[in-house]
*Asks:* 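This structure is in structure tokens; I'll ask about it shortly.
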There are 2 protein chains.
Amino acid sequence: MRKDVHTDGTPRLCVSCDARHKGICGALDQEQLVALAKTSHKQHAESGTELLGDAERINTYAVVLSGVVKLAKTLSDGRQQIVSLQFAPDFLGRPFKSESALSAEAATDVSLCTFPKAALERLMQASPELERRLYRQALDELDQAREWIVTLGRKTAGEKIASFLLMIARNIDPSADPDRDSANFELPLTRADIADFLGLTIETVSRQLTRLRADKVISIENNRNVVVPSLARLEARAGN
Amino acid sequence: MRKDVHTDGTPRLCVSCDARHKGICGALDQEQLVALAKTSHKQHAESGTELLGDAERINTYAVVLSGVVKLAKTLSDGRQQIVSLQFAPDFLGRPFKSESALSAEAATDVSLCTFPKAALERLMQASPELERRLYRQALDELDQAREWIVTLGRKTAGEKIASFLLMIARNIDPSADPDRDSANFELPLTRADIADFLGLTIETVSRQLTRLRADKVISIENNRNVVVPSLARLEARAGN
DNA sequence: CTTGAACTTTGATCTGGGTCAACGCGGAGG
DNA sequence: CCTCCGCGTTGACCCAGATCAAAGTTCAAG
């Protein structure tokens with residue numbers, strides 16, 4: 001009996017993978033999934049590892065299995081801006097371009113499922129369903145990016161921080177009941193990363209967090225663990 | 001002989017249309033093009049017309065034939081941010097969502113080729129090639145949006161203005177020789193629109209333009225006509 | 001337990017760009 | 001011709017957030 005395939009025909013690698021259902025792999029039938037899994041492997045990277053450099057040649061794609069990946073651009077004088085955060089089970093890659101215009105770095109410890117560019121592209125030809133999933137994700141990311149443009153262009157520092165916390169809460173609160181008004185999560189980013197994401201400085205980020213804490217909108221333990229008693233109250237601070 | 005179809009079988013409407021080659025319609029064969037053209041019509045709107053309200057139900061898509069369309073979000077207290085400018089021959093619409101999260105307004109006089117949502121969706125099912133074009137445009141817009149995130153998050157007012165002028169020059173300079181270092185174009189936006197696009201105020205936009213003029217990086221006639229003697233020098237001001 | 005390095009907070013001061021106010025200019029309408 | 005009105009420019013002043021400086025925390029390593 002084959003070791004790499006589970007009894008029901010699902011590849012070992014995929015059995016407990018979110019992307020299998022909610023991510024792009026949900027578009028594949030059993031046979032296609034097995035084919036892709038054959039060329040894939042699980043990769044771990046610890047926080048801070050550079051996964052892909054700016055202007056680097058891309059020859060693999062990946063799916064985020066756990067953790068958070070930040071995509072950033074750096075100006076020639078060193079100013080940096082994080083342009084997107086990728087959570088599980090997001091697809092990581094830029095079809096139709098051979099070079100990355102961004103750098104990708106592990107914001108937390110992450111695990112990825114990587115596979116060769118060519119393998120996905122072959123599947124894309126065969127499966128319009130797969131391509132449609134990728135298209136949908138691109139559109140969702142475009143919506144998010146535009147949301148972020150508003151935040152960066154027109155919100156105050158305090159509103160930016162509140163918007164950021166909300167976004168994180170929505171993406172990684174383990175108690176993922178969307179009806180609950182409270183949330184509780186681990187910040188995946190350092191203050192420096194938050195600053196690079198919001199177009200602020202570390203000091204401003206810290207001061208605004210302090211203010212939210214003083215106003216009892218949030219509480220923070222160990223610098224990373226955030227408790228939000230009322231998401232509605234946090235939302236009121238986000239200025240939409 | 002049919003009046004709506006040109007002698008070679010290309011619909012009248014499409015004969016001189018850029019989208020036919022460079023836009024999404026290039027993905028269609030003659031028969032599909034005729035089918036789509038049958039449900040399409042050319043629409044003109046003058047500068048300032050609202051084409052689509054925020055949270056409005058979408059039941060048509062369009063292609064920009066000429067002019068510039070601005071996509072914007074407005075916060076509840078009235079602050080506005082333009083999140084994208086669409087030029088010919090861009091596709092206008094958000095597949096897979098029935099409601100717009102943005103408002104669309106004609107920034108200049110525009111002409112559009114509109115067609116029912118359903119017509120495009122039917123074609124998309126039939127033509128993976130069409131879906132791929134749409135996917136590519138979404139990815140390109142995502143790249144642009146991320147470029148803009150960097151501009152909004154990390155650039156100074158002066159750099160924002162320079163970046164904006166470069167972007168416009170690249171999109172609408174009629175003397176479209178990419179090797180020439182000079183450019184000459186009509187600004188499609190008022191100072192107020194530029195401010196809403198760059199996350200600045202009207203006054204700051206005006207002052208920065210004045211400064212670029214004083215430094216002989218650009219010259220402006222009639223408030224709208226911009227001459228850039230050296231794009232390289234303008235680029236140096238954009239701080240990438 | 002101590003040390004040290006990385007991260008975070010807090011305070012004092014400065015400044016880029018916002019705000020408020022006045023003026024200039026060009027085209028449409030009388 | 002003048003007068004309005006919608007833009008655009010310019011100046012004076014102010015403030016949110018940057019910068020500079022100094023402590024305070026946290027945590028892993030010794």
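Letters go in sequence order (proteins before strands), and every chain restarts at 1.
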*Asks:* Roughly how many Å is it from CZ in B:Arg213 to C1' in D:dT10, rounded to a whole number?
*Replies:* 12 Å

*Asks:* Mind calculating the distance between CZ (A:Arg79) and C1' (D:dA18) to the nearest angstrom?
*Replies:* 13 Å

*Asks:* Would you classify A:Gly199 as touching base, sugar-phosphate or nothing, given that sugar-phosphate means primed atoms plus P, OP1 and OP2, and contacts are heavy atoms under 4.0 Å?
*Replies:* sugar-phosphate

*Asks:* Output the rounded distance in Å from CD1 (B:Ile161) to C1' (C:dG17).
*Replies:* 12 Å

*Asks:* State whether B:Arg191 places a side-chain N or O below 4.0 Å from either non-bridging phosphate oxygen (OP1 or OP2) of D:dC7.
*Replies:* no

*Asks:* Confirm from the modelled atom types if B:Arg207 and C:dT19 form a donor-acceptor pair under 3.5 Å, side chain to base only.
*Replies:* yes

*Asks:* What is the separation between atom CD on B:Gln208 and atom P on C:dG18, rounded to the nearest whole Å?
*Replies:* 9 Å

*Asks:* Within the pair A:Thr204 and D:dG17, is there a side-chain N or O less than 4.0 Å away from OP1 or OP2?
*Replies:* no

*Asks:* Can you measure B:Arg154 atom CZ to C:dG16 atom P for me and round it to whole angstrom units?
*Replies:* 16 Å

*Asks:* Under 30°, 30 to 60°, or over 60°: which ring-plane class applies to B:Phe115 and B:Tyr61, parallel, tilted or perpendicular?
*Replies:* perpendicular

*Asks:* How many whole angstroms separate atom CD1 of A:Ile202 from atom C1' of C:dT10?
*Replies:* 14 Å

*Asks:* Compare side-chain N and O positions of B:Thr201 against OP1 and OP2 of C:dG17 and report whether any pair is under 4.0 Å apart.
*Replies:* no

*Asks:* Between A:Ile218, A:Ile161, A:Leu212, which is the residue that forms a side-chain contact (heavy atoms from CB on, under 4.5 Å) with A:Arg237?
*Replies:* A:Leu212

*Asks:* From CD of A:Glu46 over to C1' of D:dA28, roughly how many Å is that when rounded to an integer?
*Replies:* 13 Å

*Asks:* With heavy atoms under 4.0 Å as the rule, sort A:Arg211 into base, sugar-phosphate or nothing.
*Replies:* nothing

*Asks:* Using a heavy-atom cut-off of 4.0 Å across all strands, would you classify B:Leu209 as base, sugar-phosphate, or nothing?
*Replies:* nothing

*Asks:* Which sits closer to the 5' end of DNA chain D, A:Ala157 or A:Glu203, going by the nucleotide each is nearest to?
*Replies:* A:Ala157

*Asks:* At under 4.0 Å between heavy atoms, what does A:Thr210 touch on the DNA or RNA strands: base, sugar-phosphate, or nothing?
*Replies:* sugar-phosphate

*Asks:* Would you mind checking if B:Arg154 and A:Asp196 are paired as a salt bridge, meaning a charged N to carboxylate O distance below 4.0 Å?
*Replies:* yes

*Asks:* Starting from P on C:dG16, measure out to CG on A:Leu200 and report it in whole angstrom.
*Replies:* 18 Å

*Asks:* For the pair B:Arg146 and B:Glu141, find out whether any cationic side-chain nitrogen is under 4.0 Å from an anionic carboxylate oxygen.
*Replies:* no

*Asks:* Indicate whether any N or O donor in one side chain lies under 3.5 Å from an N or O acceptor in the other, for B:Ser206 and B:Gln208.
*Replies:* no

